[in-house]
Amino acid sequence: MATTKPPLPWKIRLTIFLLSVVSDASRRSNNTINRRLFKLVDRHTPPNSTVVNGVYSSDVTVDPSRNLWFRLFIPSTSSAISAASLPVLIYFHGGGFTFFSAASTVFDVVCRLYCRSLNAVVVSVEYRLAPEHRYPSQYDDGHDVLKFLDQNVTVLPNIADVSKCFLAGDSAGANLAHHVAVRVCKEKLQTLKVIGMVSVQPFFGGEERTGSEMRLNRALVVSVERTDWLWKVLLPNGSDRDHEAVNVSGPNAVDISGLDYPNTIVFMGGFDPLRDWQRKYYEWLCKSGKDAELIDYPNATHAFYLFPELPHTRLFFSRLKEFVTKQISNVN
Ligand SMILES: *[C@@H]1O[C@H](CO)[C@@H](O)[C@H](O)[C@H]1NC(C)=O
Ligand SMILES: *[C@@H]1O[C@H](CO)[C@@H](O)[C@H](O)[C@H]1NC(C)=O
Ligand SMILES: *[C@@H]1O[C@H](CO)[C@@H](O)[C@H](O)[C@H]1NC(C)=O
Ligand SMILES: *[C@@H]1O[C@H](CO)[C@@H](O)[C@H](O)[C@H]1NC(C)=O
Ligand SMILES: *[C@@H]1O[C@H](CO)[C@@H](O)[C@H](O)[C@H]1NC(C)=O
Ligand SMILES: *[C@@H]1O[C@H](CO)[C@@H](O)[C@H](O)[C@H]1NC(C)=O
């Protein structure tokens, strides 16, 4: 019968366990984070202008007053190809709106994989974190990076084709990507065109407890106790989890049926407590008349893609390549 233990190599299980223990210990009862403690499990990597495994990187400042910047990853094969030929993937890292950075080694590694496997220019956004910065700081930062790129396209290498942008994120980053997409659909950008949404195990929720939250509540990383805390320190005082940022398809949802919302691919995993919310998000996109597909990996846990050695990660990147190629051929 259904087990609640995913099949994972012991080394990965240990890494996830350590991350969970340290992030729990760094959450203080007065709703602040002990950043120095979390730093013990969150190594950072500087950008690297030397090509490593076919990718080089640099950091670009957007607004120094709030430390808003992004890390740019560029495939090295690009010197041989013509101008404006590669898609641009604008990426928001996960971490419950509270943990990690675009400089975190785990996300630097993942963005290099996106860059190489999709042959895309990747923009990995460094947004402000909760609880020091509550909603809507993260959404404002994401939106402002798109506005900045829209008006300052020359910060990207000339091989980047900004008429073929994808918004992407994992977990809280996928929630961010969704809300940023809604904002830019409403106000229309000048040069950037978002043609696809890559939603990897998006972090949504609500007051209601779903079946998967109850059944998989002993999971590491995103148990109900943890996600409740994360929402509490993100949302403005007095909001509950039916806030539009959380219960995206609920009573306070924004009506997107009239928006030019990008075609979307949603990935979920069988061992992810958030899977019922992810399915609801997908169903809501379809009901709103949007083009969406749902990919379900029955054996995958939350955040599987942080481990390139897992078989799912390979499947994931090849499925994603198909999606990206299809969206590009639709607009060509
Ligand atoms: C899921 O895990 C089980 C147990 O390890 C294995 O037998 C099965 O082949 C896996 N399925 C997929 C699709 O990876
Ligand atoms: C929260 O607790 C920590 C450690 O006890 C303390 O250093 C910090 O000043 C407190 N912050 C607030 C806003 O109360
Ligand atoms: C960049 O990568 C090269 C090759 O791996 C390495 O030798 C160098 O130390 C790296 N530079 C930085 C700033 O990390
Ligand atoms: C574009 O870049 C210029 C120069 O850095 C800056 O002043 C301007 O605010 C940027 N545009 C946006 C929308 O951020
Ligand atoms: C938010 O709630 C906390 C605890 O309930 C309270 O101490 C604080 O004053 C409130 N802040 C605002 C801005 O209402
Ligand atoms: C959102 O909130 C409503 C009311 O609490 C609830 O019925 C619904 O199941 C929640 N979730 C979604 C996805 O609508």
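Position 1 is the first residue of the sequence, and the numbers go up from there. Numbering of ligands and ligand atoms starts at 1, following listing order. As a basis for the values below, the full set of heavy atoms in this structure was taken, side chains included, without hydrogen atoms, waters or symmetry mates.
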For [X], counting its heavy atoms only, list the atoms of ligand 2 lying under 4.0 Å from any of them.
X	answer
Thr32	1 (C), 11 (N)
Asn30	1 (C), 2 (O), 3 (C), 8 (C), 10 (C), 11 (N), 12 (C), 14 (O)
Arg28	2 (O), 3 (C), 4 (C)

With atoms numbered from 1 as shown, which atoms in ligand 3 lie under 4.0 angstrom from a non-hydrogen atom of Asn48?
-> 1 (C), 2 (O), 3 (C), 8 (C), 10 (C), 11 (N), 12 (C), 14 (O)
Report, in ascending order of atom number, the atoms of ligand 3 lying under 4.0 Å from any heavy atom of Val52.
-> 2 (O), 4 (C), 5 (O)
Mind checking the CZ-OG1 spacing from Phe204 to Thr227? Nearest 0.5 Å is all I need.
-> 14.0 Å
Would you indicate whether the side-chain heavy atoms of Asp170 and Phe107 approach each other to under 4.5 Å?
-> yes
For residues Leu320 and Tyr114, determine if any side-chain heavy atom of one lies less than 4.5 Å from a side-chain heavy atom of the other.
-> yes
Would Asp108 and Arg43 pass as an ion pair if we require N to O under 4.0 Å?
-> no
Are any of the side-chain nitrogens in Arg183 or Asp140 under 4.0 Å away from the carboxylate oxygens of its partner?
-> yes
Is the number of heavy atoms from other residues, nucleotides or ligands within 6.0 Å of CZ (Arg35) greater than 12?
-> yes
Taking the six-membered ring of Trp277 as reference, does the NZ or CZ atom of Lys280 fall below 6.0 Å from its centre and within a 45° cone about the axis?
-> yes
May I have a table of the N/O to N/O pairs between ligand 4 and the protein that fall below 3.5 Å, each row giving the two atom names and the distance to 0.1 Å?
from	atom 1	to	atom 2	distance (Å)
ligand 4	2 (O)	Asn152	OD1	2.5
ligand 4	2 (O)	Asn152	ND2	2.7
ligand 4	11 (N)	Gln151	OE1	3.3
ligand 4	11 (N)	Asn152	ND2	3.0

Using a distance-only test with no angle check, is there a side-chain donor-acceptor pair under 3.5 angstrom linking Ser124 and His93?
-> no
